[in-house]
Amino acid sequence: MKDGPYEEPPGGPVKKDGPYDPLRLCVYATVALLGWLLGPWAALGFAALGFAGYWKARRAGLTRSKCVLRDTRLVLAYLGLIGVAAVVAIIV
């Protein structure tokens with residue numbers, strides 16, 4: 001059965017915007033690889049990048065995040081703690 005320019009795949013109909021793209025899983029794997037290869041330097045870099053992003057977003061008015069921690073103050077504290085732990089790991 002045809003629905004527009006696309007044919008229905010054997011597994012059933014496809015959403016209008018196409019099949020689910022698990023891009024986040026690729027991103028997570030890349031971040032894990034960088035963490036494994038670069039150790040605490042990667043943790044420090046990602047924590048600093050995340051902290052800067054959340055700091056800017058909070059100053060722009062974001063108070064609730066899609067992060068599991070929800071409150072941006074908790075997210076900032078979490079990322080700050082990761083950064084401190086990474087610095088300690090680099091020094092020691």
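Linking ILVMFWY residues whenever their side-chain heavy atoms come closer than 4.5 Å, directly or via other members, leaves Tyr28 and Val31 in distinct clusters. Connection of Ile82 to Val87 is not established within any shared hydrophobic cluster, with ILVMFWY side chains joined at heavy-atom distances below 4.5 Å, either directly or through further cluster members. The hydrophobic cluster containing Trp41 also contains Ile91, counting ILVMFWY residues as joined when their side-chain heavy atoms lie under 4.5 angstrom apart, directly or transitively.
Here the CG atom belonging to Leu81 is positioned 12.0 Å from the CG atom belonging to Leu74, to the nearest 0.5 angstrom. A distance of 15.5 Å separates OG1 in Thr72 from OH in Tyr78, rounded to the nearest 0.5 Å. Between atom CG of residue Leu44 and atom CG of residue Leu38 there is a gap of 11.5 Å, rounded to the nearest 0.5 Å. A distance of 7.0 Å separates CG of Leu76 from CH2 of Trp55, quoted to the nearest 0.5 Å. Atoms CZ and CG, on Phe46 and Leu79 in that order, are 12.5 Å from each other to the nearest 0.5 Å.
Heavy-atom contacts from other residues, nucleotides or ligands closer than 6.0 Å to CZ of Arg70 number more than 12.
Closest approach of Ala42 to Gly35, counting heavy atoms only: CB-CA, 3.8 Å. Between Asp71 and Arg64, the shortest heavy-atom contact is N-NH1, 4.3 Å.
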Candidate pair Tyr54 and Cys67, rule side-chain contact (heavy atoms from CB on, under 4.5 Å), full reasoning: CA-CA 11 Å; Tyr54 269 97; Cys67 177; 3.7 Å; yes
